[in-house]
Amino acid sequence: MTPADRHRQRGRSTGRTLLRRSATAWFTVATAGQAAFVWMIVAHYGRKTLTGNLLAWNEKPLIKGYVAGDGAGNAMFAVHVLLATFVTAGGLLQLVPPIRKRAPALHRWVGRTFFVVAIVMALSGLWLTWVRKTYLSLISALAVSIDGLLILAFVAVAWRAALRRDFLAHRQWAIRAFMVVNGVWFLRVGLMAWVLITGGGIGMNDSLSGPADIVLQFGAYLIPVAVLEAYFLAQASDARSTKRMTAALVLIMTAITLLGAIGAVAFMWWPYM
Ligand code: HEM
């Protein structure tokens, strides 16, 4: 091996390490932020549902939570918000490498549960949106519905790849499914990051139909999926610069995620606990 080859190899391995570390940094921040989301759901909806005080769901700002006389709508809302804890926690658990490697049976069972719950979440979300008519504007209903359809599509492809034992495709589609399942969490984080960065939320309005609202609602799942694709490409690439630039992009996303997650806890969840 010539000195030039050795130099190139060292560069590639530094790029690989940087890329891996950027992903670990993002995952650590996302885990903390999603744990806070789970905590909010359990502390607010879980506690109030268990004590039978369904009217208290509405103590937190909602479009349509508990509605007297709407048994089916209330039941669907309860199923949707309570299962949100399982889909969020389950998704995180699936991405922890030691669990995948040391407890494959657990990985398979949590995986199946995650897929089934994600399907129920998407279908119940679509029902709440279009049958119960829970939306602030048509464009916001459309944005979250496309997320619901992507969840159904990505889960189906990831599951089929696992059944075919095509583990490379399974891994990639399962992580894409993780991103779109977390679209609703990214939306809360994105909205709060934008409010904090712009000092009040330029381009936003009360019906989530301002220009910034629209970008954030579609971006809540399209941006994470796009960054993930860049990450997959950088992983497969031999170019050190591609790995470094992608690592920098992931680190910028990590900073935005951190800011938005802190904002969501401070302004969206903590005041209503
Ligand atoms: C799969 C991941 C999802 C999770 C973890 C999730 C989580 C939640 C949570 C926690 C709430 C309660 C509102 C809050 O306190 O913030 C909620 C409400 C709701 N979700 Fe989802 N959701 C998911 C997917 C979807 C999808 C795909 C749709 C639409 C297609 C949807 C439509 C709704 C609607 C309409 C409400 C009621 C909102 C309101 O009344 O203010 N969700 N969801």
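Whatever order the structure lists ligands and atoms in, that order sets their numbers, starting from 1.
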Q | Criterion side-chain contact (heavy atoms from CB on, under 4.5 Å) on Arg176 and Leu150, from CA distance to verdict | A | CA-CA 9 Å; Arg176 288 181 185 118; Leu150 288 179; over 6 Å; no

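- Of all the heavy atoms of Asn182, none lies under 4.0 Å from any atom of ligand 1, so neither backbone nor side chain is involved.
- Formation of a donor-acceptor pair under 3.5 Å by the Gln34 side chain with backbone atoms of Trp185 is not found in this model.
- Taking the six-membered ring for Trp and thresholds of 30 and 60 degrees, Trp57 and Tyr66 have ring planes more than 60 degrees apart, a perpendicular arrangement.
- The protein heavy-atom contact nearest to atom 1 (C) of ligand 1 is Met121 CB, 3.5 Å.
- Side-chain contact check for Asn53 and Thr51: no donor-acceptor pair (N or O, by modelled atom type) lies under 3.5 Å.
- A 4.5 Å side-chain heavy-atom check between Trp127 and Arg132 finds at least one atom pair inside the cut-off.
- Within the 4.0 Å heavy-atom criterion, the part of Val184 lying near ligand 1 is the side chain and not the backbone.
- Ranking protein heavy atoms by distance to atom 31 (C) of ligand 1, first place goes to Gly125 CA, 3.4 Å.
- Distances below 4.0 Å separate heavy atoms of Gly148 from the following atoms of ligand 1: 27 (C).
- By the 30° and 60° cut-offs, the orientation of the rings of Phe186 relative to Trp26 is parallel.
- The closest protein non-hydrogen atom to atom 41 (O) of ligand 1 is Ile63 N, 2.6 Å.
- Taking the six-membered ring where the residue is Trp, Trp159 and Phe115 present tilted rings, their angle falling between 30° and 60°.
- The shortest heavy-atom distance from Trp185 to ligand 1 is not under 4.0 Å.
- Nearest approach of Met204 to Ala212, heavy atoms of both residues: CG-CB, 4.2 Å.
- Residues Arg188 and Phe37 meet the side-chain proximity criterion, which asks for heavy atoms closer than 4.5 Å.
- The closest non-hydrogen atom to atom 2 (C) of ligand 1, taken over Val181, Val144, Leu62, comes from Val181.
- The Ile41 neighbourhood of ligand 1 comprises atoms 10 (C), with distances under 4.0 Å to a heavy atom of that residue.
- From the protein, the heavy atom lying nearest to atom 16 (O) of ligand 1 is Arg188 NH2, 2.8 Å.
- Interface of Ile151 with ligand 1, defined as ligand atoms under 4.0 Å from a residue heavy atom, comprises 1 (C).
- Counting atoms of ligand 1 from 1 in the listed order, those under 4.0 Å from a heavy atom of Tyr45 are 12 (C), 13 (C), 14 (C), 15 (O).
- Residue contacts with ligand 1: Thr134 is placed with no nitrogen or oxygen under 3.5 Å of a nitrogen or oxygen of the ligand (distance criterion only).
- Ligand-side atoms of ligand 1 in range of Val81: 9 (C), 11 (C), 12 (C), range being under 4.0 angstrom from any heavy atom.
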Q) Going through the distances and angles, do Phe86 and Phe114 end up as a ring pair (Phe, Tyr, Trp, His ring centres under 6.0 Å)? A) CA-CA 7 Å; Phe86 289 96; Phe114 173 79; over 10 Å; no

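- Not a single heavy atom of His44 lies less than 4.0 angstrom from ligand 1.
- Both cation-pi conditions hold for Arg112 and Trp109: the charged atom is under 6.0 angstrom from the six-membered ring centre and inside a 45 degree cone around its axis.
- Remark: minimum distance from atom 40 (O) of ligand 1 to any protein heavy atom is reached at Lys64 N, 2.8 Å.
- Given atom 7 (C) of ligand 1, the protein heavy atom at minimum distance is Ala84 CB, 3.7 Å.
- By the 4.0 Å heavy-atom criterion, Tyr135 is excluded from the residues contacting ligand 1.
- Residue Met268 does not touch ligand 1, judged by heavy-atom distances below 4.0 Å.
- Those atoms of ligand 1 with a heavy atom of Phe37 less than 4.0 angstrom away are 10 (C).
- For atom 36 (C) of ligand 1, the closest non-hydrogen atom on the protein side is Leu128 CD1, 4.1 Å.
- In this pair, His107 and His170 present their aromatic rings perpendicular. The plane angle is above 60°, beyond the 30 to 60° band.
- When every heavy atom of Val189 is checked against every heavy atom of Thr257, the shortest pair comes out as CG1-O, 3.7 Å.
- Nearest heavy-atom pair across Ala56 and Lys48 is CB-CG, 3.5 Å.
- If you look at His80 next to ligand 1, the close heavy atoms, those under 4.0 Å, all belong to the side chain.
- Of all the atoms in ligand 1, the ones that sit under 4.0 Å from a non-hydrogen atom of Leu126 are 29 (C), 30 (C).
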